[in-house]
Number of protein chains: 2
Amino acid sequence: MGRRTVTMNDVAREAGVSVMTVSNVLNDRSNVGPETRQHVLEVVDRLGYEVNLTARRLRSGRTGTVGLIVPRFDLHYYGELASLISDALAADRMHLVVEQSGASRERELSALSLARLQQYDGVLLSAVGLDMADLDRIHPDLPIVLLGEQDVPDRYHRVHMRNVPGARLATEHLITRGARRIAVLGGKLTAPRQEMATHRANGWSDALADAGLDPRPDLVIPLQDYSIAEARARITDVLAAGLEIDGVFAVTDEVAIGALAGLHDAGLRVPDDVQLVGFDNLDISAHLTPGLTTIDPDRPTMVAESLRLLRRQLEDKNAAPEHVVGTVSLVIRGSTRN
Amino acid sequence: MGRRTVTMNDVAREAGVSVMTVSNVLNDRSNVGPETRQHVLEVVDRLGYEVNLTARRLRSGRTGTVGLIVPRFDLHYYGELASLISDALAADRMHLVVEQSGASRERELSALSLARLQQYDGVLLSAVGLDMADLDRIHPDLPIVLLGEQDVPDRYHRVHMRNVPGARLATEHLITRGARRIAVLGGKLTAPRQEMATHRANGWSDALADAGLDPRPDLVIPLQDYSIAEARARITDVLAAGLEIDGVFAVTDEVAIGALAGLHDAGLRVPDDVQLVGFDNLDISAHLTPGLTTIDPDRPTMVAESLRLLRRQLEDKNAAPEHVVGTVSLVIRGSTRN
DNA sequence: GTGAAAGCGCTAACAA
DNA sequence: TTGTTAGCGCTTTCAC
C-alpha cells in the first residue's frame with residue numbers, strides 16, 4: 001500500500017549491479033551477460049519493479065505512444081476509426097491514446113497545445129474547428145498526420161477523404177434511382193471555412209447541376225453537431241414546414257440514421273416515398289432497417305496510409321510532406337430503390 | 001523547424017530572472033511581483049515557450065490527466081461514457097485520455113501495466129477481462145475507480161450497475177406484455193467468472209422463474225464480442241435451427257440492434273411477433289424503428305459518482321474505499337407491445 | 001560486458 | 001519577492 005515505488009536503483013542494489021545494467025537488461029540491449037540478465041530479471045520480478053515511463057521519456061524523448069485527437073468520442077465514426085488505429089498500432093508495439101478536442105475551437109486549441117502533443121511520439125489529428133492560421137501556429141517538432149477535409153499548410157502530412165466525389169456519387173445514385181427533389185441534410189453552401197459540410201454539399205450540388213436539376217437553397221439543411229437527435233429534429237421541422245422531397249443525401253451515416261427516424265415519424269416510407277443515402281459506411285449502417293445505402297471511404301486504407309506517413313516521420317524527421325487522398329465507393333443497400 | 005525546443009531556462013535567461021520565477025509565474029503562484037510577472041509572460045509569449053509536461057510530471061507527480069481504460073473504442077456504450085466523462089472533467093480543468101485495452105486479458109494487462117497507469121493522476125478502469133487475482137496484482141499507489149460488474153478486491157473504489165435487477169426488470173416487462181418464450185441474447189449461465197453476461201442472464205432467469213416460466217438452456221444464446229454483426233448472425237442461426245420465441249432480452253442495446261436486424265431477416269415483426277428489450281439506453285436506441293425498449297443505467301449519475309470517488313482519492317490517498325451502486329429504470333418504447 | 005558521471009526540464013524546500 | 005540547491009528516475013556517453 002503505502003510502500004514506496006520501486007525504482008531501478010532499488011533493483012540495482014538488490015541485484016548487486018549498476019543501474020545501467022538493469023537498464024540494459026530491461027531494454028534488451030545486447031551487451032549483458034546471460035546470467036547477469038537472468039539474475040536481474042529475477043530481482044525485477046521479485047520486487048515488482050516497473051519502469052517509470054515519465055522518467056524514460058524525459059531522458060530519451062521516446063514514449064511508445066501515439067495520440068489520436070478526435071472532435072468527439074460519441075460520434076460512431078471516430079470510435080470505429082480509433083479502434084482500427086489502435087489495432088494497427090498494437091502490431092508495432094505502440095499504444096494509442098485518444099483525446100477529445102471538443103468541436104469548439106477553444107477546446108481544440110487547448111488539446112492541441114504543444115505541451116500536450118509533445119507527450120506523444122506522434123499525433124494523428126482529426127481536427128474540425130481549426131483553420132490554416134491555427135495550424136500554422138503549431139510548430140511542434142513532432143510527427144503529425146492530419147486526417148480530414150480542410151485545407152492545411154503544405155508542411156503537414158495529410159490523409160484526406162474524397163468528399164466532393166463521394167457526395168457526387170451518392171447524389172448521382174439517388175438521381176439514377178429516380179429521385180428528383182433531393183435534400184442534403186447536414187450540408188452547408190457557405191461557411192467561414194471549407195469543411196466536411198461544404199465539400200459534401202458541393203458534390204451534391206454538382207451532381208444535381210449535371211443532371212439539369214436545381215440545387216435550391218431550401219434543399220440544403222444545415223446542422224450543428226451532426227447528432228442523430230439533431231438530424232431527426234431538423235428533418236421533422238422541414239417536412240412540417242412543407243418541404244417536398246423524394247430523396248435525402250445525409251452528409252454522414254449518423255445523420256442518415258436521424259433522417260430515417262424523422263422520415264418514419266412523418267409517415268414517409270424509405271425507400272418507397274423517400275430514398276436515402278449516407279456517407280461513412282459505419283458498421284451499424286448495414287444493420288438498419290432498411291440497410292443504409294452509403295459511401296464507403298475505405299477506412300482501413302486511410303488508417304494504413306496515416307500510419308505509414310507517421311512512421312516515415314518517425315524514421316526521418318525531415319521526410320517530405322505527403323498528401324494522400326483516399327478512394328470512395330458506393331455501397332448499395334435497401335434505403336435506395338432497385 | 002529544426003530549432004531547439006524552448007525551455008524554461010531560455011525564458012529565464014531572456015527575461016533576466018531565475019527559472020524559479022518563471023515557474024512561479026506559469027503556475028500562478030502568488031509570490032511574484034506584478035511587473036515581473038508581466039515581463040515574464042511577455043517573454044514566454046515572444047519565445048513561444050510551452051511547459052514540458054513530462055518534466056513537470058517527473059518532478060511534481062501531477063499530470064492533470066485522467067485515464068479511462070475501456071475494452072473497445074467501437075462499442076457505442078464506451079464512446080458515450082467517454083464523452084460524458086470528458087465533459088465533466090473539463091469543468092475541473094483536467095483532461096481525459098482514453099485507452100483501449102482490447103477485450104483480451106493479455107492486452108488488458110498490458111494497458112494496465114503500472115508503468116502506463118502511473119502516467120495519470122487517476123484512472124477509471126472499465127475492465128472486462130480481469131479477475132480478482134489480476135486486480136490484486138495491481139498495486140498502484142494511484143487513485144483508481146473501477147467501473148463495472150465484476151467482483152473486485154475490497155480495497156478498490158468502485159461504481160457498478162445493478163445488472164441483475166436491471167435484467168429482471170427487462171424480462172418482467174416482456175412477461176407483462178405477454179411474451180412467454182423469451183430468449184436472452186448475449187447471456188451466459190456459466191462462465192469462469194461472474195461478468196456482465198452472467199449477471200444479466202441471472203436476472204432474466206430469476207424473472208422467468210418468478211413467473212413460473214422455465215429458463216431453458218436453449219433460450220440462452222451466448223455471444224463472444226457483443227457486436228451488432230455477431231448478434232444478428234447468432235439470432236439468425238438459432239431461428240433457422242427452429243427456436244421458437246416471442247421475446248428477446250438482449251444484454252446490450254448494441255446486441256438488440258443486431259437482434260432487430262436478424263428478426264427482420266427472418267420475417268418476424270417487432271413487436272408484433274417478437275418483443276425486444278435491450279440494456280444501456282444508448283443515444284441511438286431512441287431513434288431506431290421501432291424505438292428500443294431498454295434499461296437505462298443512469299449514466300450521468302454513474303459518471304458523477306465515479307468522478308467523486310476519484311476526487312476523494314486525489315484529495316486523500318487513504319480515503320476509505322466506497323462501493324457505489326447505480327440505479328436502473330425501464331424506458332419503454334416501440335419494441336415492446338402496449 | 002559493466003559501471004560512473006552527467007543531465008533531460010522541471011518544481012519542492014529552503015535561503016536570502 | 002526572488003534565487004539557490006537538490007533531485008524526480010531514467011538513459012546517454014564514455015571509460016574501463
Side-chain angles (χ1 to χ4, degrees), chain A residues 4-41 43-44 47-65 113-119 121 140-142, chain B residues 4-41 43-44 47-65 113-119 121 140-142:
Chain A
R4 207 174 56 68
T5 310
V6 181
T7 74
M8 212 176 244
N9 229 312
D10 301 328
V11 176
R13 192 175 327 109
E14 180 78 12
V17 297
S18 75
V19 283
M20 250 345 277
T21 299
V22 179
S23 174
N24 286 332
V25 168
L26 292 176
N27 289 284
D28 265 332
R29 301 200 186 89
S30 50
N31 50 353
V32 185
E35 67 289 337
T36 311
R37 150 167 283 120
Q38 185 60 32
H39 179 222
V40 167
L41 288 176
V43 174
V44 161
L47 299 189
Y49 168 77
E50 298 220 36
V51 69
N52 180 325
L53 290 178
T54 303
R56 169 183 287 177
R57 171 179 310 176
L58 179 60
R59 185 65 244 235
S60 75
R62 276 298 160 100
T63 76
T65 304
S113 75
L114 238 185
R116 295 200 63 74
L117 294 186
Q118 265 168 349
Q119 307 194 99
D121 282 348
D141 214 8
L142 156 149
Chain B
R4 208 173 55 67
T5 310
V6 180
T7 76
M8 212 178 244
N9 228 312
D10 301 329
V11 176
R13 193 174 329 109
E14 178 78 13
V17 299
S18 76
V19 284
M20 244 353 266
T21 299
V22 179
S23 174
N24 286 332
V25 168
L26 292 176
N27 289 284
D28 267 331
R29 302 202 184 88
S30 50
N31 50 354
V32 185
E35 66 291 335
T36 309
R37 152 168 280 119
Q38 183 62 32
H39 179 221
V40 167
L41 287 176
V43 175
V44 162
L47 299 189
Y49 170 78
E50 298 219 38
V51 68
N52 180 326
L53 290 177
T54 303
R56 170 182 287 176
R57 173 179 309 175
L58 180 60
R59 183 66 244 234
S60 75
R62 276 297 158 100
T63 76
T65 304
S113 74
L114 238 186
R116 295 200 63 74
L117 294 185
Q118 265 168 348
Q119 308 193 97
D121 282 350
D141 213 8
L142 154 151

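All values below were derived from every heavy atom in this structure, side-chain atoms included, with hydrogens, water molecules and symmetry-related copies excluded. In what follows, every chain begins at residue 1, and chains take the letters A, B, ... in the order their sequences are listed.
Between the P atom of C/dC8 and the CE atom of B/M8 lies a distance of 15 Å, rounded to the nearest Å. Atom CG of A/D10 is separated from atom C1' of D/dC8 by 13 Å (rounded to the nearest Å). A/L58 has its CG atom 17 Å from the P atom of D/dG7, to the nearest Å. Rounded to whole Å, atom P of C/dC10 lies 13 Å from atom CD of A/Q119. The CD atom of B/Q38 sits 16 Å away from the P atom of D/dT1 (whole-angstrom rounding). When the P atom of C/dG1 is taken as reference, atom NE2 of A/H39 falls 19 Å away, rounded to whole Å. As rounded to whole Å, 14 Å separates atom P of C/dC10 from atom CZ of B/R57.
Listed candidates were C/dC10, C/dG3, D/dT2. Nearest to the side chain of B/V51 is C/dC10. In this structure, of D/dT4, D/dT11, D/dT1, it is D/dT4 that holds the atom nearest to the side chain of B/S18. Side chain of B/S60, nearest nucleotide from C/dT2, C/dG7, C/dT11: C/dT11. Residue B/T21 places its side chain closer to D/dG3 than to any other of D/dC10, D/dA6, D/dG3. Side chain of A/M20, nearest nucleotide from C/dC8, C/dC10, D/dT13: D/dT13. When distances are taken from the side chain of A/V32 to each of D/dG9, D/dT1, C/dT2, the shortest belongs to C/dT2. The side chain of A/T36 lies closest to C/dT2 when the candidates are C/dT2, C/dC10, D/dG9.
Between B/N24 and D/dT2 there is no side-chain N or O to OP1 or OP2 distance below 4.0 Å. Side-chain nitrogen and oxygen atoms of A/N27 include at least one within less than 4.0 Å of the OP1 or OP2 phosphate oxygen of D/dT11. In terms of phosphate contacts, B/R29 brings a side-chain nitrogen or oxygen within less than 4.0 Å of OP1 or OP2 of C/dA12. At the phosphate of D/dT11, OP1 or OP2 sits under 4.0 Å from a side-chain N or O atom of A/R56. Phosphate contact (OP1/OP2 of D/dT11, side-chain N/O of A/S23, threshold under 4.0 Å): present.
Residues B/T54 and B/N31 each lie close to DNA chain C; by heavy-atom proximity, the contact nearer the 5' end of the strand is made by B/T54. Taking for each of A/E35 and B/A55 the nucleotide of DNA chain C with the nearest heavy atom, the 5'-most of the two is the partner of A/E35. Of the two residues near DNA chain D, A/Y49 and B/S30, the one whose nearest nucleotide lies more 5' is B/S30.
At a threshold of 4.0 angstrom between heavy atoms, the contacts of B/N52 are confined to the sugar-phosphate backbone, with no base atom among them. Across all strands, B/R37 comes closer than 4.0 Å to no nucleic acid atom at all (heavy-atom distances).
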Problem set entry | Test log, rule side-chain contact (heavy atoms from CB on, under 4.5 Å), inputs A/D121 and A/R62 | CA-CA 6 Å; A/D121 282 348; A/R62 276 298 160 100; 3.6 Å; yes

For this session: Decide side-chain contact (heavy atoms from CB on, under 4.5 Å) for A/R56 and A/M8; before the verdict, give the C-alpha distance in whole Å, the side-chain angles of both, and the deciding distance to 0.1 Å.
Result: CA-CA 11 Å; A/R56 169 183 287 177; A/M8 212 176 244; 6.0 Å; no

For this session: Determine, stepwise, if the pair A/T63 / B/Q119 fulfils side-chain contact (heavy atoms from CB on, under 4.5 Å).
Result: CA-CA 11 Å; A/T63 76; B/Q119 308 193 97; over 6 Å; no

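Below the 3.5 angstrom threshold, one finds no donor paired with an acceptor across the side chain of A/R59 and the base of D/dG9.
Across every non-hydrogen atom of A/T5 and A/D10, the tightest pair is O-OD2, 3.7 Å.
Atoms CZ and OG1, on B/R59 and B/T54 in that order, are 15.5 Å from each other to the nearest 0.5 Å.
Under the side chain to side chain contact (heavy atoms under 4.5 Å, CB included) test applied with B/V32, the options B/V17, B/N24, B/N27 reduce to a single match, B/N24.
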